[in-house]
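These notes are about the structure you will find just below.
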Amino acid sequence: MLGFTSVFHLLFSAIFITNYVTRNGDLMGRFKELLESKKALILHGALGTELESRGCDVSGKLWSAKYLIEDPAAIQTIHEGYIRAGADIVTTSTYQATLQGLAQVGVSESQAEDLIRLTVQLAKAAREQVWKSLTKEEKSERIYPLISGDVGPYAAFLADGSEYTGLYDIDKEGLKNFHRHRIELLLDEGVDLLALETIPSAQEAEALIELLAEDFPQVEAYMSFTSQDGKTISDGSAVADLAKAIDVSPQVVALGINCSSPSLVADFLQAIAEQTNKPLVTYPNSGEVYDGASQSWQSSPDHSHTLLENTSDWQKLGAQVVGGCCRTRPADIADLSAHLT
């Protein structure tokens with residue numbers, strides 16, 4: 001069993017804390033309410049892939065985050081495209097946008113804080129731009145999209161591909177300190193939930209769950225992991241142990257897998273479902289393999305089934321928060337939106 005025992009009392013003490021109001025007045029709790037409706041919630045798709053498709057260079061440590069500095073309008077346009085495609089959850093462009101990473105390229109602390117806030121502003125502006133263009137009938141057929149604050153792993157700051165190994169040298173308190181202020185900024189700007197995504201390390205999962213319970217007890221989140229074999233997350237920790245530990249958290253209301261091969265998803269979901277009845281999350285990559293040294297995708301994508309075909313099967317295993325990660329496009333999200341219930 002993982003070292004989650006020390007935080008169980010924090011989680012149980014927070015179990016009745018729901019529907020808190022964030023500092024800007026937005027009501028938390030809508031994510032869980034929507035999950036209870038049993039409707040599929042469609043996620044925003046890949047950002048970096050879409051920037052590349054438009055001729056943008058996303059190499060370097062900041063990856064897609066450098067366009068917060070160079071061309072934020074491009075990010076808003078991509079958000080709008082995914083919302084028009086049917087995304088119910090708009091993910092902020094903070095996966096690679098960390099205060100520490102921005103500092104490394106010479107951005108001041110105050111400027112970095114403004115850029116983190118800007119990611120939420122761009123997501124909200126995209127939501128409003130699309131929503132006002134819809135007819136009353138179109139609005140009645142879908143939910144008003146949620147804004148999800150993207151909390152990528154420490155590995156994203158390292159920018160060396162360790163999202164797929166979970167091997168990095170930092171202790172649990174260091175991980176909490178790494179994540180804390182970015183989460184504060186996202187919440188201050190009014191996100192509806194947090195996406196704790198692409199987590200490759202059990203220690204990082206533990207640090208994030210403790211951090212939410214200690215500092216942000218009003219927040220709802222989902223957590224998704226990377227896996228290389230469908231039975232463990234990338235650092236080798238058993239999926240079943242993680243799911244059992246997360247099951248007692250009132251704040252992590254859904255969990256699953258992202259940015260991993262579609263071929264691994266069913267086994268991963270089955271391992272989770274043995275330990276929890278929480279809704280499951282799936283947004284795989286295309287099946288290609290990421291090489292951190294060259295910052296490129298190697299081998300061939302998995303064309304054996306479409307994302308829609310796979311997701312329809314995963315829904316039978318409990319998948320409810322669904323989408324596509326790296327190398328997927330707005331057309332894939334539109335396909336999910338048009339056919340899933």
Side-chain angles (χ1 to χ4, degrees), residues 46-52 56-70 75 91-107 112 115-116 119 149-183 195-208 211 223-230 232-237 242 257-261 264 268 283-301 324-328:
L47 176 64
T49 298
E50 202 58 20
L51 283 167
E52 280 189 305
C56 298
D57 177 11
V58 296
S59 62
K61 291 202 72 171
L62 283 186
W63 194 41
S64 56
K66 70 181 179 181
Y67 286 91
L68 290 169
I69 302 169
E70 297 179 8
I75 293 176
T91 308
T92 62
S93 50
T94 38
Y95 180 83
Q96 205 87 11
T98 64
L99 297 162
Q100 299 85 344
L102 290 164
Q104 283 189 344
V105 298
V107 177
L115 289 172
I116 301 297
T119 67
D150 192 329
V151 181
Y154 181 73
F157 159 65
L158 298 177
D160 61 359
S162 51
E163 292 100 323
Y164 309 105
T165 66
L167 303 179
Y168 34 82
D169 186 17
I170 184 173
D171 63 19
K172 187 167 67 176
E173 289 305 311
L175 287 166
K176 288 183 187 180
N177 292 334
F178 173 80
H179 287 295
R180 181 178 288 108
H181 192 32
R182 177 170 55 168
I183 290 175
L196 313 175
E197 67 168 6
T198 327
I199 305 300
S201 156
Q203 179 179 248
E204 188 159 27
E206 180 180 354
L208 284 164
L211 180 61
M223 184 177 288
S224 58
F225 299 92
T226 57
S227 176
Q228 310 310 309
D229 61 9
T232 65
I233 67 169
S234 292
D235 73 350
S237 300
L242 282 160
I257 182 170
N258 80 291
C259 212
S260 303
S261 172
L264 305 176
F268 198 94
Y283 51 119
N285 59 34
S286 63
E288 295 167 81
V289 177
Y290 186 74
D291 176 49
S294 64
Q295 293 191 323
S296 62
W297 290 89
Q298 308 293 325
S299 74
S300 300
C325 203
C326 295
R327 316 297 278 179
T328 59

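What you see is a predicted model; the values in this text were computed from it and never measured.
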TODO: Return the orientation label for the Phe178 and Phe157 ring planes: parallel under 30°, perpendicular over 60°, tilted otherwise.
DONE: tilted
- [ ] Working to the nearest 0.5 Å, report the span between OG1 of Thr198 and CG of Asp150.
- [x] 7.0 Å
Open item on the list: So which atom in Ala46 and which in Thr328 form the shortest heavy-atom distance, rounded to 0.1 Å?
Closed with: CB-O, 3.6 Å
Task: Rounded distance (nearest 0.5 Å) linking atom OG of Ser227 with atom CG of Leu264 - done: 5.5 Å
TODO: Test side-chain contact (heavy atoms from CB on, under 4.5 Å) on Ile233 and Ile199 and set out the steps.
DONE: CA-CA 8 Å; Ile233 67 169; Ile199 305 300; 5.6 Å; no
- [ ] Could you tell me the separation between the CG atom of Asp171 and the NZ atom of Lys176, rounded to the nearest 0.5 Å?
- [x] 10.0 Å
- [ ] Verify whether one side chain among Thr226 and Ser234 offers a donor that lies under 3.5 Å from an acceptor in the other.
- [x] yes
- [ ] Would you please name every residue forming a side-chain hydrogen bond (donor to acceptor under 3.5 Å, both in side chains) with Ser162, sequence neighbours left out?
- [x] Asp160
- [ ] Enter the distance from Ile116:CD1 to Ser93:OG here, rounded to the nearest 0.5 Å.
- [x] 8.5 Å
Open item on the list: How long is the straight-line distance from CG of Leu208 back to CD of Gln203, given to the nearest 0.5 Å?
Closed with: 10.5 Å
- [ ] Could you tell me which non-hydrogen atom of Ala97 sits nearest to which non-hydrogen atom of Leu68, and how far apart they are?
- [x] CB-CD1, 3.8 Å
TODO: Would you name the heavy atoms of Leu175 and Ala207 that are closest together and state the gap between them?
DONE: CB-CB, 3.9 Å
Open item on the list: Looking at every non-hydrogen atom in both residues, tell me the closest pair between Ile75 and Tyr67 and how far apart they are.
Closed with: CD1-C, 3.9 Å
TODO: Find the distance between CG (Leu47) and CD (Glu52) and round it off to the nearest 0.5 Å.
DONE: 10.5 Å
- [ ] Could you list the residues that satisfy side-chain contact (heavy atoms from CB on, under 4.5 Å) with Ala156, not counting sequence neighbours?
- [x] Tyr95, Gln96, Pro153, Glu163
- [ ] Indicate yes or no for a side-chain donor-acceptor contact from Ser260 to the backbone of Asn258 under 3.5 Å, with no hydrogens or angles considered.
- [x] yes
Open item on the list: So which atom in Glu204 and which in Pro200 form the shortest heavy-atom distance, rounded to 0.1 Å?
Closed with: OE1-CD, 3.9 Å
TODO: Provide the closest heavy-atom pair for Ala205 versus Leu242 in the form atom of the first, atom of the second, distance.
DONE: CB-CD2, 4.1 Å
Task: Donor-acceptor under 3.5 Å (Thr98 side chain, Gly101 main chain) - done: yes
